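Structure first, then comments.
Both ligands and their constituent atoms are indexed starting at 1 by order of listing. Side chains included, hydrogens not; waters and symmetry mates left out as well; all remaining heavy atoms used. Since we're looking at a predicted model, the values are computed, not measured.
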Amino acid sequence: MDLNGNRITKRGIELLQDPTLNKSTAFTEEERQARGLVGLIPDVIETEETQINRVMQQLNDNSSDLDRYIYLISLLDNDETLFYKVVMSDPAHFLPVIYSPTIGEACLKFGHIFQRPRGMYISIRRKGHVKEILRNWPEKDVRFICVTDGERILGLGDLGANGMGIPIGKLQLYTACAAVPPHVLLPVFLDMGTNNRDCINDPLYLGIRQTRPPAEEIYEFTDEFMSAVQEVFPQCCIHFEDWGGVDAINLLERYRENYCCFNDDIQGTSGVILAGIINALKIAGSRLKDQRILFLGAGSAAIGIADLIVSAMMQDGLTKEEAVSRIWLFDTKGLVESSRSKVKSFQKPYAHTHTPTRDFAEAIGSVKPTAIIGVSTTGKAFNRRVIETMATINDRPIIFALSNPTDHAECTPDEAYEWSRGRAIYAAGIQFPPVEYNGKKFVPSQANNMYVYPAIGMAVYATQAKRITDDMFIAAAHAVAEQVTQAELDSGKIYPHQSNILETELYTATKVAEVIFDKSLAGVDRPENIRAFIESHAYKPEYKSLM
Ligand SMILES: NC(=O)c1ccc[n+]([C@@H]2O[C@H](COP(=O)([O-])OP(=O)(O)OC[C@H]3O[C@@H](n4cnc5c(N)ncnc54)[C@H](O)[C@@H]3O)[C@@H](O)[C@H]2O)c1
């Protein structure tokens with residue numbers, strides 16, 4: 001039987017060419033006889049262990065992470081079970097190869113390394129026909145679509161169709177990190193053109209060669225996509241990824257009440273940063289409600305994190321006004337304050353009364369934040385003066401330098417520890433190696449969204465949740481934070497180790513599912529044991545018997 005309970009009838013070459021059924025050299029003698037496979041594969045029967053050894057050897061023969069990425073994607077195209085078995089056997093090793101940082105390079109070269117389509121490409125030229133197009137997808141029980149328009153891929157900007165690497169990779173992490181079954185996942189690229197001339201002029205570019213239309217047309221086409229998904233895949237949750245900052249905020253507001261959807265750049269980011277702050281406060285010995293937080297950058301990540309921190313502060317006893325008054329924003333034009341013209345609507349709640357300043361260190365001296373959060377896309381913006389000012393005001397300054405890739409980080413861990421004399425509690429958007437300062441080893445943390453969104457995905461999948469709310473991200477943040485040991489906190493580490501990611505995410509999914517049931521958002525009855533219920537939905541990368 002296949003995953004939808006239908007009898008599997010495929011035989012011979014057709015069976016070998018189906019990556020979800022192919023076992024290659026691991027087909028048993030009985031399966032070979034019954035399915036017409038004799039002679040189509042070598043006449044040895046290998047264990048999965050031997051197959052994994054071969055994959056590992058071939059991976060080691062590849063000289064770069066991009067080559068390893070290309071090899072693993074072709075393994076996925078041939079033998080999905082073996083792909084996930086390999087990746088889930090050592091997530092700390094493989095996640096950086098199939099996702100960040102390698103995925104950035106893979107996206108830049110997407111049209112050049114492209115071998116076989118994966119997911120769906122829906123262009124604005126097909127406006128009015130999105131429903132029919134979605135019906136071309138072979139799987140009928142799609143539960144998650146990760147959709148991008150390619151406008152703001154990682155920190156790399158508008159990559160148009162090359163951005164399709166992101167939904168593909170993000171969805172692989174649903175399975176690799178939280179065991180969401182791969183057959184329910186569908187990556188989608190909504191092709192509305194690109195303003196990137198390099199893409200348009202590249203003969204191997206895979207998108208439509210036109211500039212992006214005005215916002216109204218983008219929103220109209222996205223509206224059609226949203227309602228088509230709801231009709232064709234009624235149980236589907238839509239995960240927005242790497243849209244331009246303003247569109248990301250506007251579209252989330254437009255759909256969050258009426259669709260099961262979320263934006264990972266806004267909400268996933270905010271969940272993972274809240275988890276980091278919760279643990280940073282354990283180290284600093286302080287309460288969330290007593291913090292003042294200053295953001296460098298006032299785009300989608302900053303607003304998402306700010307809004308979730310306000311909700312979490314309210315859970316910690318503050319009124320909304322009190323919580324909002326503790327959050328400050330600073331962008332290219334300086335401190336976002338009430339006298340400034342051209343403050344965007346989503347920034348307005350945080351535009352407090354203050355004299356204008358374009359000097360970030362001066363703003364720190366006056367606002368006196370306990371934490372600064374860099375989401376500015378600007379490398380080295382946290383200079384010595386900024387860190388030293390933070391260290392003068394705070395015993396344990398919280399310094400999150402989240403912009404990526406590496407050269408966009410607002411400061412490195414070496415700089416944060418050195419300039420704060422080892423007192424900073426530091427996290428970055430990328431993984432930096434351990435640092436030694438004054439004879440003590442510090443392990444810098446990576447605030448990686450993969451701690452949160454796959455777990456949200458597993459909880460939504462199992463409970464068939466109807467909507468995604470902030471409470472779910474707050475619950476996820478607490479659950480992730482809880483799983484960091486005291487010894488790890490002592491070394492400055494505020495996120496769990498990636499080697500145990502599946503356990504981390506299943507625990508987190510259980511806590512999120514509790515919220516879904518408590519808030520009556522589930523589409524199924526509350527089970528007695530939610531952890532066992534979540535586990536019963538977990539995908540296992542094991543070959544299925546075809547006898
Ligand atoms: N988990 C994570 O670590 C994580 C998650 C999401 C985003 N990020 C990173 O955060 C950064 C921002 O993402 P976003 O989605 O908010 O982008 P965005 O484009 O929506 O916002 C960027 C903001 O930074 C401001 N800015 C630009 N240059 C600045 C400067 N020199 N000084 C002050 N402000 C400046 C802009 O005015 C804008 O408000 C990206 O580099 C992204 O990689 C990290």
TODO: Apply ring-ring contact (aromatic ring centres under 6.0 Å, His included) to the pair Y461 and Y174, showing each step before the final yes or no.
DONE: CA-CA 11 Å; Y461 169 66; Y174 274 74; 9.9 Å; no
Taken in chain and number order and not counting sequence neighbours, the residues that satisfy side-chain contact (heavy atoms from CB on, under 4.5 Å) with A323 are V310, M313, M314, L318
Exactly one candidate in N195, T194, N196 meets side-chain hydrogen bond (donor to acceptor under 3.5 Å, both in side chains) with D158; the answer is T194
So CZ of F473 and CD1 of I468: to nearest 0.5 Å the spacing works out to 6.0 Å
Exercise for review: For atom NZ of K320, decide whether the heavy atoms of other residues, nucleotides or ligands shown that lie under 6.0 angstrom number more than 12.
Suggested key: no
From the list T222, N250, N263, I238, side-chain contact (heavy atoms from CB on, under 4.5 Å) with Y255 holds only for T222
Which pairs of N or O atoms, one from ligand 1 and one from the protein, are separated by less than 3.5 Å, and what is the distance for each pair?
from: ligand 1; atom 1: 1 (N); to: A447; atom 2: O; distance (Å): 2.7
from: ligand 1; atom 1: 1 (N); to: N449; atom 2: OD1; distance (Å): 2.6
from: ligand 1; atom 1: 3 (O); to: A447; atom 2: O; distance (Å): 3.3
from: ligand 1; atom 1: 15 (O); to: R152; atom 2: NH1; distance (Å): 2.3
from: ligand 1; atom 1: 15 (O); to: S300; atom 2: OG; distance (Å): 2.8
from: ligand 1; atom 1: 16 (O); to: S300; atom 2: N; distance (Å): 3.3
from: ligand 1; atom 1: 16 (O); to: A301; atom 2: N; distance (Å): 2.9
from: ligand 1; atom 1: 20 (O); to: S300; atom 2: N; distance (Å): 3.0
from: ligand 1; atom 1: 20 (O); to: S300; atom 2: OG; distance (Å): 3.4
from: ligand 1; atom 1: 26 (N); to: S376; atom 2: O; distance (Å): 3.4
from: ligand 1; atom 1: 28 (N); to: S376; atom 2: O; distance (Å): 3.2
from: ligand 1; atom 1: 28 (N); to: T378; atom 2: OG1; distance (Å): 3.1
from: ligand 1; atom 1: 31 (N); to: T378; atom 2: OG1; distance (Å): 3.2
from: ligand 1; atom 1: 34 (N); to: T332; atom 2: N; distance (Å): 3.4
from: ligand 1; atom 1: 39 (O); to: A298; atom 2: N; distance (Å): 2.9
from: ligand 1; atom 1: 39 (O); to: G299; atom 2: N; distance (Å): 3.2
from: ligand 1; atom 1: 41 (O); to: S403; atom 2: OG; distance (Å): 3.4
from: ligand 1; atom 1: 41 (O); to: N404; atom 2: N; distance (Å): 3.4
from: ligand 1; atom 1: 43 (O); to: N404; atom 2: N; distance (Å): 3.4
from: ligand 1; atom 1: 43 (O); to: N404; atom 2: OD1; distance (Å): 3.0

